[in-house]
Structure formats: structure tokens, C-alpha cells
Protein chains: 2
Amino acid sequence: MKLTTRGRYAVTAMLDLAINGGKRPVSLADISGRQEISLSYLEQLFAKLRREELVTSARGPGGGYRLARSGAEIFVAEIIDAVDESVDVTNCQGKGNCHHGETCLTHHLWEDLSGQIHDFLSQISLGDLMEGRGRRGSTQQSDGVLQTLSLR
Amino acid sequence: MKLTTRGRYAVTAMLDLAINGGKRPVSLADISGRQEISLSYLEQLFAKLRREELVTSARGPGGGYRLARSGAEIFVAEIIDAVDESVDVTNCQGKGNCHHGETCLTHHLWEDLSGQIHDFLSQISLGDLMEGRGRRGSTQQSDGVLQTLSLR
DNA sequence: CTTATTCTTGACTAAAATAGTCGGGAATAA
DNA sequence: TTATTCCCGACTATTTTAGTCAAGAATAAG
């Protein structure tokens, strides 16, 4: 799991789509204007989002993109995965041929953490973000665990 | 909050330090050998980690680095913050001068999400990772919320 | 039917970040 | 005294990110 500016752009654009996408599709030109992301760059991102079936497209005048599902059913992790292909983090590529020393251990630990971040982002949908369910915990509870819990 | 390979290197190196750092400090040459990260690159990372007081250093033969606190008291978010200075994600830089349209809204939503990821990583310590507390939830519970909860 | 709009695709380029190199130093334990 | 290790700054190569450009296909609207 990576978390780069590209992933941010993709999530931002998808949020824009969730907010502004009613009956009519939303053109990339609109998103480009609102979010100040270059049109051609958006085209690249949406090509990937479409391949992963997170959005559907309609050509011609009045065309554009729609969410393929409702915002409540599209999760942040999916969006990031779609545009940011993940990388191998281990030197042994999971072949287990580096079982001498601590190398594998730390890599394994990082993989675990990475998996946790992924799980975490798999629980937050565009709908959650729009409904402001994000920050609820921080005003209600100071306890760390409950703060995390109250996310959804 | 960003999550790049640099942050991964830093967390990996700190994990190595937590694992291999007993009474004697650990030299960067050792970490470099085990984790296959170039020595000079590690030097750059540890300069930042030291500035943020996450590690202490000792020069001379037998010298190296130690964790400044116990692994249970050093959290992943701190490590990443130390080496990956965060960037502005809003176009209005929080000055509120973009209150026309949806621009600010999506940026605000992204900031929220970013904050949540940060909070999440602020709850995971090096000690947690080493004790394998990371994956415990995934074998115990299939429920998403409890899986997140059982992290700590 | 024609046209403007919009997606679609691929190749290319500029800019920025990342990762690594190099060389010289200062501290210090052995 | 010397080898080891941290410390620091400047430099460079590589990769990634972000953006540009051009040509083309689909299609709604006039």
C-alpha cells in the first residue's frame, strides 16, 4: 500500500464525482476546473478507474463519468489500488530464500502494517466521507481505540 | 500524510533497531547490510530521526544508534512524520479564500481522511509490530469494525 | 447529416521526488 | 594513534509524477 499524491488526486476526483454526480454524468473538464487537476492527467487516472470498474463512462455531449456503484459501496482502498499499483516490499519476493538474519522479519512486519492500513482504508467509503462520519470520534471520545472504532 | 518508500525504509530501519538493539548501539553499516538500504541513504534518514529525537547516537568504535525510547513508546506515525515532511493538500492553504464551489469541500474531506490515517498510525508502536499484535484481529474476527478495534 | 462534445489511447516531455554517491570532517573507544 | 562511526553538505542518477499533444471514436443535439 502506497499513499501518494496520485492516490489523493484519484480520491479527490471520485469524491467530486460522488458530490456532483446526480442524474447526469460529470465531465472530466468539470472536475478539472473544480479540483484544479489537469484534464489529461485526469484522463489517465480515469482510464484506470474505469478498468477497475469503479466508474462508467458515456461519450458525446452531455457525457462524462458516473460512479459504477453508490458512494456507500466504493471504498477508499479500491480507488488507491486502482491508480497506484502496489510494489513488492520484500527482497525475497516471498520466495522465502532470505531466511538468514533479520531481513525477512522486518519485511514481514512491514507487510503486516501495510495490510492493516489497507484494511483500514477498505472500511471507509466515499459515502462515509461525505456524511462526515470521518471525524465523529475525535469530538466524542478522547480514547484512542474508541476513536478508531467510531469511524464506521 | 504520505506513505512512500522512504517512510517504509525508515520504519524498517527503526524496526531493525528495535529488534537488534540491545545493550550496545547498532551501527548504520549493520542495518545497511541486513536491510539492503544504502549506507549514505540511511545516514540521511537517521539525521532526521535524530533531529526528531526518535533515536540517540554514539560515535566511535562500537558506536551507532539506539531508540530514544522503548519500542512500545515509538509510534509508526512519528517515524513517517520525521522523514516525510507533510505537504499542503488544499489549494487555498486553509486561508478560506476558495469558498466558491466544491473545491474546498473535497479538500476538506481528504484532510479528514488523511487525519484518520495519521491517527491510526499513531496507535501502532514498534512494540506492537514486534509482538505480532498487528494481525491478531484477522484470525479472530471477520467483522470489520472489531478487526480494526482489536489492533491494540 | 453535421457538428460540437466528450471519452479513448498512445507517445512524448518537463518537473519533482527518490535513492544513491562522494568527499571531507569530528568524536571517541580501543 | 588509529580505526570506527557518526555527521554534513553538495552532487548525481533514476524513477515517478504530472502534464502535454495529437489523433481518433462515439454520440447527443441541432
Inset, instruction - With side chain to side chain donor-acceptor pair (under 3.5 Å) as the test, would you mind laying out the steps for B:Ser122 and B:Asp119 before giving the verdict? - result: CA-CA 5 Å; B:Ser122 296; B:Asp119 289 350; 5.1 Å; no

Inset, instruction - Working to the nearest 0.5 Å, report the span between CG of B:Asp112 and NE2 of B:His108. - result: 4.5 Å

Legend entry - Point-to-point distance, once rounded to the nearest 0.5 Å, from OG1 of A:Thr106 to CZ of B:Arg8: 10.5 Å

Inset, instruction - For DNA chain D, note the earliest and the latest nucleotide, 5' to 3', having some atom under 4.0 Å of a heavy atom belonging to chain A. - result: D:dT17 to D:dA28

Legend entry - Which residues share a side chain to side chain contact (heavy atoms under 4.5 Å, CB included) with A:Glu43, sequence neighbours left out: A:Leu28, A:Leu39, A:Ser40

Inset, instruction - Give one of base, sugar-phosphate or nothing for A:Ala29, where a contact means two heavy atoms less than 4.0 Å apart. - result: nothing

Legend entry - pair B:Arg34-B:Val26: side-chain heavy atoms closer than 4.5 Å: yes

Anything under 3.5 Å between a donor and an acceptor, one on a side chain of residues 54-78 of chain B, the other on a protein residue two or more places apart or in another chain? List them.
{"residue": "B:Arg66", "atom": "NH1", "partner": "B:Lys23", "partner atom": "O", "Å": "2.4"}
{"residue": "B:Arg69", "atom": "NH1", "partner": "B:Glu73", "partner atom": "O", "Å": "2.8"}
{"residue": "B:Arg69", "atom": "NH1", "partner": "B:Glu78", "partner atom": "OE1", "Å": "3.4"}
{"residue": "B:Arg69", "atom": "NH1", "partner": "B:Glu78", "partner atom": "OE2", "Å": "3.3"}
{"residue": "B:Arg69", "atom": "NH2", "partner": "B:Glu78", "partner atom": "OE2", "Å": "3.2"}
{"residue": "B:Ser70", "atom": "OG", "partner": "B:Ala72", "partner atom": "N", "Å": "3.3"}
{"residue": "B:Ser70", "atom": "OG", "partner": "B:Glu73", "partner atom": "OE1", "Å": "3.2"}
{"residue": "B:Glu73", "atom": "OE1", "partner": "B:Ser70", "partner atom": "N", "Å": "3.4"}
{"residue": "B:Glu78", "atom": "OE1", "partner": "B:Phe75", "partner atom": "N", "Å": "2.9"}

Legend entry - For B:Met1 against A:Leu3, the heavy-atom pair lying closest together: O-CD2, 3.8 Å

Inset, instruction - Mind calculating the distance between CG (A:Leu28) and P (C:dT9) to the nearest angstrom? - result: 13 Å

Inset, instruction - Classify every nucleotide of nucleotides 20-30 of chain C by which part a protein heavy atom approaches to under 4.0 Å, writing B for the base, S for the sugar-phosphate alone and - for neither, in 5'-to-3' order. - result: BBB---BBBB-

Inset, instruction - Identify whether any heavy atom of B:Phe46 sits under 4.0 Å from a base atom; if not, whether one sits that close to sugar-phosphate; answer base, sugar-phosphate or nothing. - result: nothing

Inset, instruction - Indicate, with a heavy-atom threshold strictly under 4.0 Å, whether A:Ala47 touches base, sugar-phosphate, or nothing. - result: nothing

Inset, instruction - Just jot down the side chain to side chain contact (heavy atoms under 4.5 Å, CB included) partners of A:Thr4, sequence neighbours excluded, or say none. - result: A:Lys2, A:Arg6, A:Asp84

